[in-house]
Amino acid sequence: MAVVLEERKDQVLRLENGAKDIVCEKESLAGSVSQRACVFCGSRVVLYPIADALHLIHGPIGCAAYTWDIRGALSSGPELHRISFSTDLTETDVIYGGEKKLYQALSELIDEYKPKAAFVYSTCIIGIIGDDVQSVCKKAAKEKNIPVLPVHSEGFKGIKKDGYKAACDALYRLMDENKDEEYLEDNPFTINIMGDFNLAGETWMIKEYYQKMGIKVITALTGDSRVDEIKKCRHAKLNIVQCSGSMMSLAKKMKEVYGIPYIKVSYFGIEDVSDALYQVALFFNDKTVLEKTQELVRSEIERIYPKILEYRKALEGKKAAVYVGGAFKAFSLIKALKTIGMKTEIVGSQTGNQEDYKLLREVSGEGTIIVDDTNPLELSGFIREKKVQILIGGVKERPIAYKMGIGFCDHNHERKTALAGFQGMLNFAYEVYSTVESPVWKWTQPDYL
Amino acid sequence: MLLRHTPKEIAHREALNINPAKTCQPIGAMYAAFGLHGCLPHSHGSQGCCAYHRSALSRHYKEPIMAATSSFTEGSSVFGGQANLVESIQNIFSIYNPTVIAVHTTCLSETIGDDIPQIISKAKADGKIPNGKFVIHANTPSYSGSHVYGFANMVNGMVQYFSETTQNRKNQINIIPGWVEPGDMREIKRIALEMGIQTILFPDTSGVLDAPQTGKHVFYPKGGVRVDDLKTSGDSIATIALGDTASSPAAKTLDTKNKVPCHIMGLPIGLKATDRFVNALRTIAGVNVPESISDERGMLLDMITDMHSYFYGKKVALFGDPDQLVGLTEFLVTLDMKPIHIVTGTPSKTFEKDIQDILGPDTKANIHLSDTFMLHQLIKNEPVDLLFGNTYGKYIARDEDIPFIRYGFPILDRIGHSYFPTVGYRGGMRLIEQILGALLDRKERDSSEEKFELVL
């Protein structure tokens with residue numbers, strides 16, 4: 001049985017008769033080996049894929065170094081986002097302030113690269129030394145005539161989710177800048193994809209689906225996006241929110257200010273991606289769009305399903321553990337695993353809220369363990385207890401799974417094949433199969449299997 | 001990819017670092033702490049720092065990286081982090097049960113001015129540190145120095161907290177290996193053992209970050225220097241500190257604290273530096289160099305002989321940490337190659353002089369404290385035949401179409417570097433195998449069909 005700290009007992013839920021609600025959205029316990037990150041991390045991952053913007057990190061070198069080209073968000077054009085720019089604050093800057101340095105760096109960079117917009121990320125120390133980042137940005141914006149947006153992402157001012165919020169605020173300011181500009185578009189069916197970051201080219205796949213359905217995507221927030229697209233995206237008829245944890249606050253704001261309705265979807269797994277496309281088609285309620293959607297879904301499922309069944313034969317009855325950043329992804333993963341015959345025994349997230357966990361309960365089977373903000377000790381304990389054969393998570397979880405002698409699939413920044421969409425489901429089945437059925441486990445099998 | 005973003009003209013920059021050749025102190029402290037057996041590193045700051053360091057170390061070492069964090073919030077940043085740290089200490093001992101907690105600071109806790117020794121004393125006074133358990137610390141402000149300084153500071157902390165003296169000298173030598181791979185630490189120990197010398201090597205990440213696959217996830221793998229052994233470092237006859245930047249602070253502390261004489265020398269990379277290292281071991285311990293070691297040297301020399309005609313005059317660019325660059329430059333010169341651009345992101349008072357001394361007064365080279373953007377510009381102005389550096393060098397290598405050897409920290413896109421040494425004679429053999437492989441692969445790639453020959 002896994003060891004769980006007394007203080008964390010309510011953040012672990014075993015699905016059995018009369019189980020209480022899980023406790024979540026709680027600050028991590030000091031001293032725990034939490035898998036969570038910080039505010040800056042949240043902002044950085046959301047804004048990072050905007051490829052023609054300048055991303056300047058204001059702080060000591062570390063925050064820039066650790067986020068340099070680590071996101072895996074692909075661009076079809078400019079790649080300015082992949083360069084690491086930092087004000088590299090030193091001791092004297094901490095004492096005398098870093099505003100001058102920031103201004104100088106911004107000016108030089110904008111002159112050199114002529115970006116369409118600039119984002120300036122505040123790191124922990126900026127919140128302590130009190131640089132007036134806002135006014136430096138204002139000054140630079142005025143002089144260089146591009147939007148220069150401060151991102152209030154001081155690491156300690158909350159968790160990753162608060163960073164998402166700070167990023168959404170910056171995005172909102174960007175799209176709200178030149179409100180009076182006209183927008184000409186013949187296609188009456190316009191949408192924005194929200195919360196897809198084009199990891200391994202996933203945004204491209206999703207965009208292609210919508211194109212086939214006869215729907216125009218104004219922008220994806222923020223996968224392979226450009227500043228000018230983002231400025232226009234307030235003209236969309238509908239927002240499609242995936243990864244609701246990161247983008248919900250912006251979707252709500254856009255609804256409130258521009259009257260754009262939104263729907264929450266997921267593109268992972270056959271069920272969810274089909275459902276997402278149908279929901280969009282039904283929203284526009286156009287006969288041609290609906291027919292095209294049906295045709296798309298049917299032909300894609302016909303194409304991939306027989307192949308998936310092949311994998312399913314080998315994987316039927318095997319057990320999985322899922323630990324991801326946002327809870328919404330976890331629902332889809334449970335369903336996708338079901339499609340290939342696997343049962344999710346343990347499921348958890350770093351930042352899920354009460355509503356997320358309620359939904360997780362609904363899709364999880366009896367006996368499933370649900371965890372919020374878990375740590376490696378608990379996680380490996382649960383994995384042993386449930387005799388799991390694959391862990392699905394991110395970079396910090398991979399070596400834990402391997403050391404335990406079980407398979408692993410990265411469903412985070414480090415995925416190298418697209419896991420979204422229909423093809424993504426097939427890729428996912430392939431990845432799970434290749435790791436769970438690897439011959440290496442014959443020699444390294446954990447003592448519990 | 002960087003191609004279109006890197007202009008050839010080099011402009012003076014003060015306020016801006018582009019594509020760094022360094023990262024911040026705390027990650028170095030975390031890496032060093034893994035070289036203590038049964039140690040849980042603890043990051044006193046926001047959660048993100050700890051998450052980033054763990055991710056970066058996981059990517060490089062491909063091992064579970066366990067470290068705790070004080071999880072700073074807005075409140076702790078206003079009122080100080082004492083409560084968080086005391087609570088952390090209590091929680092860590094009760095649930096993760098390490099022998100040692102190694103606390104390092106971050107830019108946040110440094111700037112708000114948390115007094116770590118005072119907090120540790122308070123925790124001790126309040127009975128939060130069980131008997132036989134330890135809490136040590138290092139100050140690692142992220143806004144000064146670099147990751148190498150953080151490593152050096154944590155190693156120094158190990159000495160400050162643990163070294164003791166009984167006034168009776170023990171026939172053993174302390175070796176501080178510097179920031180090298182676990183496989184390098186293993187090799188340094190092997191060389192000393194082969195010479196029949198008793199050593200205390202610290203930190204020692206071998207057996208921790210290159211741990212075998214067992215089908216179990218253990219929090220504290222069996223490697224790492226034991227606290228009891230580390231305590232006796234104050235009684236050793238000498239300390240050999242490998243690498244001035246990473247290892248000299250701890251060696252000097254042992255000298256002043258316990259009167260253990262220190263020998264600060266370069267990392268044993270290549271023929272000459274390994275000769276000096278073996279010689280230092282020999283003279284300090286008063287032993288003869290065994291035939292097995294002489295044979296290893298002979299084999300390296302034999303390989304160099306076989307390869308020398310391929311190496312002559314090849315221009316090389318390298319970036320990384322000062323200690324490694326000094327060693328590598330010397331080795332390249334030994335091989336008759338020409339290091340012409342040498343860039344580090346880590347401030348060092350002696351770096352430029354050390355490199356220039358190796359090159360000789362009449363040889364011109366670009367030796368800079370800068371970033372990889374600058375290195376790229378230097379290469380555009382004077383192209384090279386080979387590039388050495390961490391994974392981030394691959395952008396330059398691709399854009400400029402240069403053979404590239406991954407060397408240093410971090411290596412995020414290959415597996416194996418943590419197991420195989422590049423120090424000692426054997427490490428030298430591995431390095432030149434890589435160098436020749438890279439050069440000849442390129443030659444073959446570029447050969448016309450007529451010139452694509454069986455024997456090169």
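Reminder, nothing fancy here: chain letters follow the sequence lines and each chain counts from 1.
With sequence neighbours excluded, no residue forms a side-chain hydrogen bond (donor to acceptor under 3.5 Å, both in side chains) with B:Arg414.
The part of B:Pro212 that comes within reach of chain A is its backbone (N, CA, C, O), which places non-hydrogen atoms under 4.5 angstrom from that chain. Looking at A:Val94, the atoms closer than 4.5 Å to chain B (heavy atoms on both sides) all sit in the side chain, from C-beta outward. Residue A:Ile128 touches chain B through its side chain alone, counting heavy-atom pairs closer than 4.5 Å. Residue B:Lys62 touches chain A through its backbone alone, counting heavy-atom pairs closer than 4.5 Å. For a residue to count as touching a neighbouring chain, one of its non-hydrogen atoms must lie under 4.5 Å from one of that chain's; by this rule B:Ala211 touches chain A with backbone and side chain alike. Only the side chain of A:Ile129 comes within less than 4.5 Å of a heavy atom in chain B; its backbone stays farther off. A:Glu112 touches chain B through its side chain: at least one heavy atom from C-beta onward sits under 4.5 Å away, while N, CA, C and O do not. Only the side chain of B:His42 comes within contact range of chain A, with at least one heavy atom under 4.5 Å from a heavy atom of that chain. With a 4.5 Å cut-off on non-hydrogen atoms, A:Ile406 does not touch chain B at all. Looking at A:Thr67, the atoms closer than 4.5 Å to chain B (heavy atoms on both sides) all sit in the side chain, from C-beta outward. The contact between B:Ile18 and chain A is made by backbone and side chain atoms together, counting heavy-atom distances below 4.5 Å. With a 4.5 Å cut-off on non-hydrogen atoms, B:Pro141 does not touch chain A at all. Heavy-atom distances place both the backbone and the side chain of A:Phe85 under 4.5 Å from chain B. For a residue to count as touching a neighbouring chain, one of its non-hydrogen atoms must lie under 4.5 Å from one of that chain's; by this rule B:Ala67 touches chain A with the backbone only. The contact between B:Ser144 and chain A is made entirely by side chain atoms (from C-beta outward), counting heavy-atom distances below 4.5 Å. Contact annotation for B:Phe373: only side-chain heavy atoms (C-beta onward) come within less than 4.5 Å of a heavy atom of chain A. Heavy atoms closer than 4.5 Å to chain A are found in the side chain of B:Phe219, but not in its backbone. Contact annotation for B:Ser146: neither backbone nor side-chain heavy atoms come within less than 4.5 Å of a heavy atom of chain A.
Looking at B:Tyr143, its side chain never comes within 3.5 Å of a backbone N or O of A:Ile125 through a donor-acceptor pair.
Contact detail for B:Ile95 and A:Leu377: the closest heavy-atom pair is O-CD2, 3.6 Å. Scanning all heavy atoms of the two residues, the minimum distance from A:Cys38 to B:Tyr52 falls at SG-CE1, 4.5 Å. What you find for B:Ser46 and A:Gly155 is that their closest heavy atoms are OG-C, 3.8 Å.
Each of B:Lys22, B:Glu87, B:Glu14 has some count of heavy-atom pairs under 4.5 Å with chain A, and the biggest count is that of B:Lys22. Chosen from B:Ile27, B:Ile112, B:Leu412, the residue pairing most often with chain A at heavy-atom distances under 4.5 Å is B:Ile27. The most heavy-atom pairs under 4.5 Å with chain A, out of B:Met66, B:Gln25, B:Arg13, B:His147, come from B:Met66. Per-residue heavy-atom pair counts under 4.5 Å with chain A were compared for B:Thr69, B:Asn84, B:Leu40, and the maximum is reached by B:Thr69. For the set B:Leu57, B:Asn91, B:Ile89, the count of heavy-atom pairs under 4.5 angstrom toward chain A peaks at B:Asn91.
Heavy-atom proximity under 4.5 angstrom to chain A picks out B:Cys107, B:Leu108, B:Thr111 from residues 102-111 of chain B.
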Pair B:His5-A:Leu80, side-chain contact (heavy atoms from CB on, under 4.5 Å): steps then yes or no: CA-CA 8 Å; B:His5 294 115; A:Leu80 194 58; 3.6 Å; yes
Derivation and outcome, side-chain contact (heavy atoms from CB on, under 4.5 Å), residues B:Leu16 and A:Leu56: CA-CA 9 Å; B:Leu16 181 60; A:Leu56 174 61; 4.2 Å; yes
Worked check of side-chain contact (heavy atoms from CB on, under 4.5 Å) between B:Gln213 and A:Val440: CA-CA 11 Å; B:Gln213 167 68 275; A:Val440 70; over 6 Å; no
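Atom CG of B:Asp371 sits about 8.5 Å away from atom CG of A:Asp88, to the nearest 0.5 Å. If you take OG on B:Ser55 and CG on A:Asn412, they are separated by 9.0 Å, rounding to the nearest 0.5 Å. How far CG of B:Asn19 is from CG of A:Asp69: 9.0 Å, rounded to the nearest 0.5 Å. To the nearest 0.5 angstrom, A:Lys396 atom NZ is 11.5 Å from B:Ile65 atom CD1.
Listed by first and then second residue, the salt bridge (charged side-chain N to carboxylate O under 4.0 Å, His left out) pairs involving residues 95-109 of chain A are A:Asp93-A:Lys101 (not counting sequence neighbours).
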Side-chain donor-acceptor contacts of residues 159-166 of chain A below 3.5 Å, not counting sequence neighbours, with atom names and distances?
| unit_1 | atom_1 | unit_2 | atom_2 | d |
| --- | --- | --- | --- | --- |
| A:Lys161 | NZ | A:Glu25 | OE2 | 3.2 |
| A:Lys161 | NZ | A:Thr351 | O | 2.8 |
| A:Asp162 | OD2 | A:Ile159 | N | 2.7 |
| A:Lys165 | NZ | A:Asp169 | OD1 | 3.4 |

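Counting only N and O atoms by type, the side chains of B:Thr23 and A:Tyr66 include a donor and acceptor under 3.5 Å apart.
The aromatic rings of B:Tyr392 and A:Trp68 lie parallel to each other, with less than 30° between the two planes, well short of the 60° mark.
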